[in-house]
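Everything below concerns the one structure shown next.
Here, residue 1 is the first one in the sequence, and each next residue gets the next number. Heavy-atom basis, side chains included; hydrogens, waters and symmetry copies ignored. Just so you know, ligand 1 is whichever comes first in the structure, and atom 1 is the first atom listed for that ligand.
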Amino acid sequence: MISIILLGAPGAGKGTNAKRICAHYNIPHISTGDMFREAIKNKTPLGELASSYISKGLLVPDEVTIGLVKERLSKEDCLKGYLLDGFPRTIPQAEALTEIGKELSREVNYVINIDVPEEILVDRICGRRVCKSCGAPYHVKNMPPKVEGKCDLCGGELVQRKDDNEETLKARLSEYHHNTEPLVNYYKGLNKLYTVNGVKPLDELMSDLNAIIG
Ligand code: AMP
């Protein structure tokens with residue numbers, strides 16, 4: 001079973017690498033951020049609640065996020081594996097995930113920490129664009145689309161995430177250092193942690209990831 005957590009600060013490249021890994025190993029990509037954004041787009045009660053936190057760069061409360069992930073991991077398509085992108089983000093979420101994994105016999109095997117220096121994160125986040133239709137990620141300088149403003153894959157409009165601005169990023173980085181960075185030691189203690197250099201070109205990084213996952 002290929003069950004993976006991608007850890008890393010905002011802008012480390014979790015989403016971009018998640019898409020490549022999931023396509024390669026044919027496993028579902030579970031992004032809590034995407035799930036919240038979908039709920040916001042559909043104006044559901046979950047979306048309304050999540051939006052009040054996300055717009056401030058704060059974390060959505062653990063009980064809400066844990067419930068959402070438990071329901072998602074119970075689905076049939078996670079039987080042979082899955083990749084979690086953006087979850088867990090706190091120690092209580094990680095502890096809950098350990099329990100959920102045992103209960104469903106779908107425990108996490110690889111925790112991959114994508115390491116990127118902080119000054120690069122700011123540039124990556126501020127230049128990030130995403131396709132409004134299919135969610136494909138771009139960067140105005142580092143990963144531009146072939147035609148400006150249009151997705152290479154589906155022709156959709158490229159937009160900037162509302163929380164991808166310098167001010168919200170400050171709050172997100174602070175949440176990351178305070179709540180999420182301690183997960184590195186948590187998973188080191190469980191002997192599941194692998195760290196990769198997220199500054200490398202994507203293909204080189206993918207070879208490093210393949211060497212870990214095998
Ligand atoms: P992301 O797309 O992973 O950068 O997530 C965007 C935003 O969604 C975060 O800044 C949080 O506000 C919220 N979010 C995503 N995943 C989680 C999580 N595991 N726990 C709490 N909040 C989350």
Side-chain angles (χ1 to χ4, degrees), residues 3-19 21-22 28-42 44-73 82-101 108 111-114 116 118 120-132 134-139 158-184 186-187 198:
S3 43
I4 303 169
I5 293 173
L6 280 192
L7 284 183
K14 295 189 294 296
T16 301
N17 287 292
K19 283 191 170 31
I21 298 170
C22 289
H29 174 193
I30 303 175
S31 154
T32 39
D34 284 351
M35 288 160 99
F36 289 137
R37 280 184 288 276
E38 187 64 23
I40 292 170
K41 199 165 95 188
N42 296 331
T44 67
L46 170 69
E48 220 162 278
L49 179 108
S51 163
S52 63
Y53 293 92
I54 294 177
S55 61
K56 298 190 194 89
L58 302 176
L59 294 182
V60 176
D62 282 342
E63 61 274 19
V64 175
T65 315
I66 291 166
L68 195 68
V69 170
K70 184 169 185 187
E71 195 185 314
R72 182 65 189 86
L73 285 182
Y82 53 84
L83 180 146
L84 287 167
D85 158 9
F87 183 93
R89 257 183 162 97
T90 65
I91 292 281
Q93 289 183 13
E95 288 170 348
L97 179 62
T98 303
E99 288 312 306
I100 293 167
V108 168
V111 180
I112 298 171
N113 182 33
I114 307 180
V116 171
E118 189 136 335
I120 295 181
L121 298 174
V122 178
D123 173 69
R124 282 193 181 178
I125 288 282
C126 294
R128 170 157 69 180
R129 300 291 181 273
V130 287
C131 173
K132 209 173 161 183
C134 76
Y138 295 88
H139 185 281
L158 301 189
V159 294
Q160 186 166 30
R161 268 171 51 172
K162 282 210 185 89
D163 58 344
D164 276 353
N165 59 72
E166 231 165 303
E167 197 180 317
T168 313
L169 179 60
K170 263 188 216 147
R172 288 160 68 198
L173 284 172
S174 152
E175 285 281 38
Y176 170 75
H177 290 306
H178 186 247
N179 289 303
T180 311
E181 229 170 15
L183 297 183
V184 169
Y186 175 83
Y187 285 113

### Query
Counting N and O atoms only, with roles assigned by atom type, does the side chain of E175 sit under 3.5 Å from a partner on the main chain of L58, one being a donor and the other an acceptor?
no
### Message
Please work out, at 4.0 Å between heavy atoms, whether the side chain, the backbone, both, or neither of E175 comes within that distance of ligand 1.
### Response
neither
### Message
Give me the residue, atom name and distance of the protein heavy atom closest to atom 22 (N) of ligand 1.
### Response
V60 N, 3.0 Å
### Query
Which atoms of ligand 1 have any heavy atom of G86 under 4.0 Å away?
16 (N), 17 (C), 18 (C), 19 (N)
## Note on the structure
Quick note on ligand 1: atoms under 4.0 Å from a heavy atom of Q93 include exactly 18 (C), 19 (N), 20 (N), 21 (C)
### Steps toward side chain to side chain donor-acceptor pair (under 3.5 Å) verdict (T168, N165)
CA-CA 6 Å; T168 313; N165 59 72; 2.9 Å; yes
### Query
atom 7 (C) of ligand 1: which protein heavy atom is closest, and how many Å away?
I54 CG1, 3.9 Å
### Query
For atom 2 (O) of ligand 1, which of K162, K14, R37 has the closest heavy atom?
R37
### Query
Counting only N and O atoms by type, is there a donor-acceptor contact under 3.5 Å from the side chain of S52 to the main-chain atoms of L49?
yes
### Query
So, for A50 and F36, which heavy atoms are closest and what is the spacing to 0.1 Å?
CB-CD2, 3.7 Å
#### Entry: H178 atom NE2, over 12 foreign heavy atoms within 6.0 Å
no
### Query
When you measure from the side chain of R124 to the backbone N and O of G11, does any donor-acceptor pair fall under 3.5 Å?
yes
### Task
Return a yes/no value for S31: is any of its N or O atoms, backbone included, closer than 3.5 angstrom to an N or O of ligand 1?
no
### Message
Can you tell me which portion of T65 lies within the under-4.0 Å heavy-atom range of ligand 1? Options are side chain, backbone, both, or neither.
### Response
side chain
### Message
Minimum distance, heavy atoms only, to atom 12 (O) of ligand 1: which one of L59, T32, L58, D34 is it?
### Response
L58
### Message
Is it the case that ligand 1 has an N or O less than 3.5 angstrom from some N or O of G57?
### Response
no
### Query
Nearest protein heavy atom to atom 9 (C) of ligand 1, by residue and atom, and its distance?
R89 NH2, 4.0 Å
### Query
In ligand 1, which numbered atoms sit nearer than 4.0 Å to a non-hydrogen atom of R161?
1 (P), 2 (O), 4 (O), 6 (C)
### Message
Under a 3.5 Å cutoff, is there a donor and acceptor pairing between the side chains of D164 and Q160?
### Response
no
### Message
Any donor-acceptor pair under 3.5 Å linking the side-chain atoms of T90 with those of D62?
### Response
yes
### Message
Quick check against the 3.5 Å criterion: does R128 have a side-chain atom that pairs as donor or acceptor with the backbone of Y138?
### Response
no
### Protein contact of atom 23 (C) of ligand 1 - nearest heavy atom, named by residue and atom, plus distance
F36 CE1, 3.7 Å
